[in-house]
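The block underneath contains the structure these notes are about, expressed in structure tokens.
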Amino acid sequence: MTAPEADLTGWSVSPFTGGGYTHDVYRKGEGPGVVLIPEIPGIHPGVLALGNHLVDNGFTVAMPSLFGTPGAPRDDVLGMVSTLARACVAREFAAFATDKQRPVASFLRALARDLNASTPGKGVGVIGQCFTGGFALAAAVDDSVLAPVLSQPSLPLPLTPAQRRDAGVSRIELDVIADRAANEGLCAMGLRFSEDKMSPGQRFATLKKRLGDAFEVIEIPSGPGNEHGFTRMAHSVLTDEVREVDGHPAYEARKRVVEFLTARLA
């Protein structure tokens with residue numbers, strides 16, 4: 001059995017400008033809004049399958065195309081490396097910086113506000129993955145965002161101890177998010193595989209220390225001899241590693257994300 005995949009069928013697309021940036025945004029569905037931020041190399045078939053799953057569960061999904069070619073397969077290794085290289089040097093993403101307010105966050109907050117204005121519910125959710133995982137938390141500085149989900153957040157790239165501990169947002173942003181958690185009931189989710197070096201456990205420890213019970217962590221065992229045969233390279237919780245079988249940890253994690261979004265946004 002392989003991970004679910006889909007194509008661009010049924011998705012509309014139009015440019016959106018916010019925070020000084022313009023990106024195409026793909027939209028589909030009805031119901032409360034969820035901004036689904038793609039992982040490297042972009043809106044690949046696994047991300048589209050996740051988007052369709054959210055639509056099938058009653059959400060309006062907006063996917064910004066921040067990099068890559070929408071719909072292109074993920075197994076294009078040269079394309080993935082090229083996309084990653086361009087993203088790593090882009091000022092918009094500040095891939096290596098610690099304690100950094102990333103410019104892309106302003107675009108995502110504007111998109112979240114726009115989606116919130118056109119969908120029912122109390123606010124919107126934001127899902128970030130891998131390279132974009134921390135962007136979901138940064139978006140929650142805006143009060144339109146009620147349900148940030150950080151799936152294997154990988155920025156800043158974890159090359160040093162300071163980068164591995166870094167929350168992926170600036171201290172100023174984290175202060176705002178912690179205040180919202182303490183006084184407005186904001187909750188966030190984080191997902192990772194236990195042996196994932198690209199999304200270090202120290203990052204979640206930092207967030208757990210600041211947000212406490214408002215930060216729900218799902219950590220899937222991927223060490224030697226784990227029950228479900230995940231390798232140490234297991235990384236993409238909500239896309240590549242999902243097998244649609246009850247009891248499969250990534251499948252159950254995806255279910256929990258839908259429950260979280262439903263409870264927070266309905």
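We number each residue from 1, following the sequence as shown.
The OG atom of S154 lies 10.0 Å from the CG atom of L84; values are rounded to the nearest 0.5 Å. To the nearest 0.5 Å, atoms NE2 (H235) and CD (Q129) are separated by 9.0 Å. With rounding to the nearest 0.5 Å, the separation of CD1 in I218 from CG in L150 is 12.0 Å. Annotation: the span from T83 atom OG1 to L66 atom CG amounts to 11.5 Å, rounded to 0.5 Å. The line from OG of S194 to CD1 of I220 is 9.0 Å long, rounded to the nearest 0.5 Å. To the nearest 0.5 Å, atoms CG (L191) and CD (E216) are separated by 8.0 Å.
No donor-acceptor distance shorter than 3.5 angstrom exists from the side chain of D114 to the backbone of A110, with no hydrogens or angles considered. Here the side chain of D142 pairs no donor or acceptor atom with the backbone of V145 at under 3.5 angstrom. Using a distance-only test at 3.5 Å, with no hydrogens or angles considered, a donor-acceptor pair links the side chain of R192 to the main chain of S199. Here the side chain of Q163 pairs no donor or acceptor atom with the backbone of P156 at under 3.5 angstrom. The backbone N or O of L238 sits nowhere less than 3.5 Å from a side-chain atom of S236 that would complete a donor-acceptor pair. Judged by distance alone, with hydrogens and angles left aside, the side-chain atoms of T206 form a donor-acceptor pair with the main-chain N or O of R165 at under 3.5 Å. The backbone N or O of G133 lies less than 3.5 Å from no partner atom in the side chain of Q152, so there is not a single donor-acceptor pair. Put simply, the side chain of R102 gets close to the backbone of A97: a donor and an acceptor are under 3.5 Å apart. Side-chain atoms of K100 do not come within 3.5 Å of backbone N or O of V169 as any donor-acceptor pair.
Between S82 and R86, the side chains place a donor N or O and an acceptor N or O closer than 3.5 Å (distance only, hydrogens not considered).
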- Apply side-chain contact (heavy atoms from CB on, under 4.5 Å) to F67 and T132, showing your working. CA-CA 11 Å; F67 35 67; T132 69; 3.7 Å; yes
- Message: Let's go through K28 and N52 carefully: what are the C-alpha distance in whole Å and the side-chain angles of both, what is the deciding distance for side chain to side chain donor-acceptor pair (under 3.5 Å) to 0.1 Å, and is it a yes or a no?
- Response: CA-CA 8 Å; K28 192 177 187 181; N52 283 346; 2.9 Å; yes
- Between V257 and R254, does a side-chain contact (heavy atoms from CB on, under 4.5 Å) hold up when you go through it step by step? CA-CA 5 Å; V257 167; R254 193 183 70 174; 5.6 Å; no
- Message: Run the side-chain contact (heavy atoms from CB on, under 4.5 Å) test on V47 and M63 for me, step by step, so that the C-alpha distance in whole Å, both residues' side-chain angles and the decisive distance to 0.1 Å come before the verdict.
- Response: CA-CA 9 Å; V47 172; M63 285 190 298; 3.7 Å; yes
- Task: Might you work through the ring-ring contact (aromatic ring centres under 6.0 Å, His included) test for H23 and F107, ending with a clear yes or no?
- Result: CA-CA 9 Å; H23 294 287; F107 171 84; 4.9 Å; yes
- Task: Applying side-chain contact (heavy atoms from CB on, under 4.5 Å), run through L108 and V126 and close with a yes or a no.
- Result: CA-CA 9 Å; L108 293 169; V126 182; 5.8 Å; no
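Both I37 and Y21 are assigned to one and the same hydrophobic cluster, defined by single-linkage of ILVMFWY side chains at heavy-atom distances under 4.5 Å. Taking hydrophobic clusters as Ile, Leu, Val, Met, Phe, Trp and Tyr residues chained together by side-chain heavy-atom distances below 4.5 Å, I40 shares a cluster with V35. Under the 4.5 Å side-chain heavy-atom criterion for ILVMFWY residues, no single connected hydrophobic cluster contains both I127 and V25. Hydrophobic clustering (ILVMFWY, side-chain heavy atoms < 4.5 Å, transitive): L261 and L48 are in one cluster.
Counting only heavy atoms from C-beta outward, the side chains of L265 and L146 approach each other to under 4.5 Å. Taking 4.5 Å as the limit, every side-chain heavy atom of K122 sits out of range of all side-chain heavy atoms of R264. Contact annotation: the side chain of W11 approaches that of V61 to within less than 4.5 Å [non-hydrogen atoms, C-beta and beyond]. The closest side-chain heavy-atom distance from E5 to L50 is not below 4.5 Å.
A salt bridge is defined here as a Lys NZ or Arg NE, NH1 or NH2 lying under 4.0 Å from an Asp or Glu carboxylate O, and D166 with R171 fails to meet this definition. Between E173 and R109, at least one side-chain nitrogen of the basic residue sits less than 4.0 Å from a carboxylate oxygen of the acidic one, meeting the salt-bridge criterion. Between R164 and D196, none of the side-chain N atoms (NZ, or NE/NH1/NH2) sits under 4.0 Å from a carboxylate O, so this pair counts as no salt bridge. The existence of a salt bridge linking R180 and D143 is excluded, since no basic side-chain nitrogen approaches an acidic carboxylate oxygen closer than 4.0 Å. R210 has a carboxylate O that lies under 4.0 Å from a charged side-chain N of D175, or vice versa, which qualifies the two as a salt bridge.
Taking the six-membered ring where tryptophan is involved, the planes of F93 and F131 are perpendicular, since the angle between them exceeds 60° and thus also 30°.
The side-chain contact (heavy atoms from CB on, under 4.5 Å) search around N57 returns H53, F59, V258, not counting sequence neighbours.
Checked against a 6.0 Å centroid threshold, the rings of H248 and F230 count as neighbours.
Minimum heavy-atom separation, P15 to T22: CB-CG2, 4.1 Å.
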